[in-house]
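When a ligand or atom number is given, it counts from 1 through the structure's own listing order. Small disclaimer: the values here were computed from a predicted structure and weren't measured.
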Amino acid sequence: MSAAPDVAVVGGGIVGCALAAFLAEGGARVVLYEREAIAAGASGRNSGVVQDPLDPALTALYEESLEHYRTLGHGFELPAEPAGLLLLGEHPERPPGEATYVERARELEPALAEGLAAYRLETARPVPPAAAAHAFAARAREAGADLRVGTPYDGESAGAVVIAAGPWSAELLDVPVTPLWGVVVELELPDPPRHVLEEAGIDVLTGDAGIPDVLFSAVTARGISAVGSTFLVERPDPEALAPRILSHAERFLPGVSQARIRGLRACARPASADGRPYLGMISERLAVATGHGAWGITLGPASARLVADQLLGRPVEIPPALNALRP
Ligand SMILES: Cc1cc2nc3c(=O)[nH]c(=O)nc-3n(C[C@H](O)[C@H](O)[C@H](O)COP(=O)(O)OP(=O)(O)OC[C@H]3O[C@@H](n4cnc5c(N)ncnc54)[C@H](O)[C@@H]3O)c2cc1C
């Protein structure tokens, strides 16, 4: 019988895999439990963009994560320059931070519909959706972590346990995280946009009770545009929702009507009450890293580094706005 690990990590998404890598590289004996496959959840089916979440409480995590991504390797490549983000609408509200107003968005993106204005922000780097989780998983294995894929966590003993099970974390401990389901349609557009496109107001995540809320977004990488998305409490039927997503997207990108559909992705965001993750120790031997909502790829590496440092006993302060023990 092998000795209990120093740390058991639950969940093989971006957060769990980055945790396993940082912990193992820091000298801990790590076992990661993933009940399905690495990146089986949102970490493998997201829209695939690393971008400024436009929340000052998250800026440091975003900037640190960019640094982790620049040196990650293992099949992950961060674009050197951002593609640029266009927040679109007839009269879009000015976002926080530095943004340039463009009265006729078509002048920047000829594929856009007439009558749209935009704020352009110098952010948004498209990446393949699952690449970050797989690269951190490879790094974790290299550093000696034992990744038990296909194995649900069953309460095995360990020096400490860290729950990074995305929206399913609430099944394992008392944390106010709920699933917010998104469906994305993969399209081959006749004239794919160069910018990342978002309908202004995408930060407003829920519609009227029971009514699916669809907000337009499009992220293009290697000729394929991931067009979304929905924000639903109940698990959706992606096939049934795709026509609604596409007809909404046509208002922004008329070329959608002639696009070839390449696939559909559905997955659940781990949504917290205030849009910010829950990070750190919640009792002597139990930690959590979840609740990244719409921004887990963008923030996951830095969140994992903070929690890993805490578990390794290094001096670290989890910012109060992100602390798992905040009210
Ligand atoms: C449509 C959509 C588009 C998105 N686009 C972006 C984007 O462009 N940029 C961005 O930054 N973020 C994006 N996100 C958000 C991002 O994908 C998530 O925040 C992130 O992937 C969450 O990562 P995670 O590791 O916390 O959880 P998950 O990826 O959900 O991983 C949790 C893992 O835990 C496993 N698990 C659960 N319970 C157990 C158990 N008991 N035992 C063992 N394993 C268990 C699951 O199988 C799963 O693999 C998007 C999300 C959606 C839905």
Give a yes-or-no answer on whether the side chains of [X] and [Y] include a donor-acceptor pair shorter than 3.5 Å.
X: Gln51; Y: Glu198; result: yes
X: Arg269; Y: Ser229; result: yes
X: Tyr278; Y: Ser169; result: no

Kindly confirm or rule out an N or O of [X] lying under 3.5 angstrom from an N or O of ligand 1.
X: Thr298; value: yes
X: Glu36; value: no
X: Gly48; value: yes
X: Gly182; value: no
X: Val184; value: no
X: Val15; value: yes
X: Ala42; value: yes

Can you find a heavy atom in the side chain of Pro128 that is under 4.5 Å from one in the side chain of Arg222? yes
Could you check whether Asp146 pairs with Arg29 (Lys NZ or Arg NE/NH1/NH2 to Asp/Glu carboxylate O, under 4.0 Å)? no
Salt bridge present between Arg139 and Glu142 (N-O < 4.0 angstrom): no
Taking the side chain from Asn46 and the backbone from Ala42, do they hold a donor-acceptor pair closer than 3.5 Å? yes
Per [atom], closest listed option by heavy atom ([options]):
atom: atom 36 (N) of ligand 1; options: Arg265, Arg269, Arg35; answer: Arg35
atom: atom 40 (C) of ligand 1; options: Leu19, Val10, Leu299, Val9; answer: Val10
atom: atom 21 (O) of ligand 1; options: Gly296, Pro129, Ser43, Ala37; answer: Ser43

Does Pro167 come within less than 4.0 Å of ligand 1, judged by its heavy atoms? yes
Report yes or no: does a heavy atom of Ala294 sit under 4.0 Å from some atom of ligand 1? yes
Here the pair of heavy atoms bringing Val7 nearest to Ala158 is C-CB, 4.4 Å
Shortest non-hydrogen contact from Gly280 toward Val307: N-CG2, 3.6 Å
Of the protein's non-hydrogen atoms, which lies at the shortest distance from [atom], and what is that distance?
atom: atom 9 (N) of ligand 1; answer: Val49 O, 2.7 Å
atom: atom 50 (C) of ligand 1; answer: Asn46 CB, 3.5 Å
atom: atom 42 (N) of ligand 1; answer: Tyr153 N, 3.0 Å
atom: atom 19 (O) of ligand 1; answer: Gly293 O, 2.7 Å
atom: atom 31 (O) of ligand 1; answer: Gly13 CA, 3.5 Å
atom: atom 34 (O) of ligand 1; answer: Gly11 CA, 3.3 Å
atom: atom 35 (C) of ligand 1; answer: Glu34 OE1, 3.2 Å
atom: atom 5 (N) of ligand 1; answer: Ser47 N, 2.9 Å

Phe76-His68 aromatic ring centre distance below 6.0 Å: no
What's the verdict on salt bridge (charged side-chain N to carboxylate O under 4.0 Å, His left out) for Arg260 and Glu188, showing C-alpha distance, side-chain angles and the deciding distance? CA-CA 5 Å; Arg260 207 155 75 89; Glu188 228 173 285; 3.2 Å; yes
Is it the case that more than 12 heavy atoms not belonging to Arg70 sit under 6.0 Å from its CZ atom? yes
Heavy-atom neighbours of Glu122 CD exceed 12 at 6.0 Å: yes
Hey, is Ser229 touching ligand 1 through its side chain, its backbone, both or neither, going by heavy atoms under 4.0 Å? side chain
Taking only heavy atoms of Tyr33, which atoms of ligand 1 are found under 4.0 Å from at least one of them? 43 (C), 44 (N)
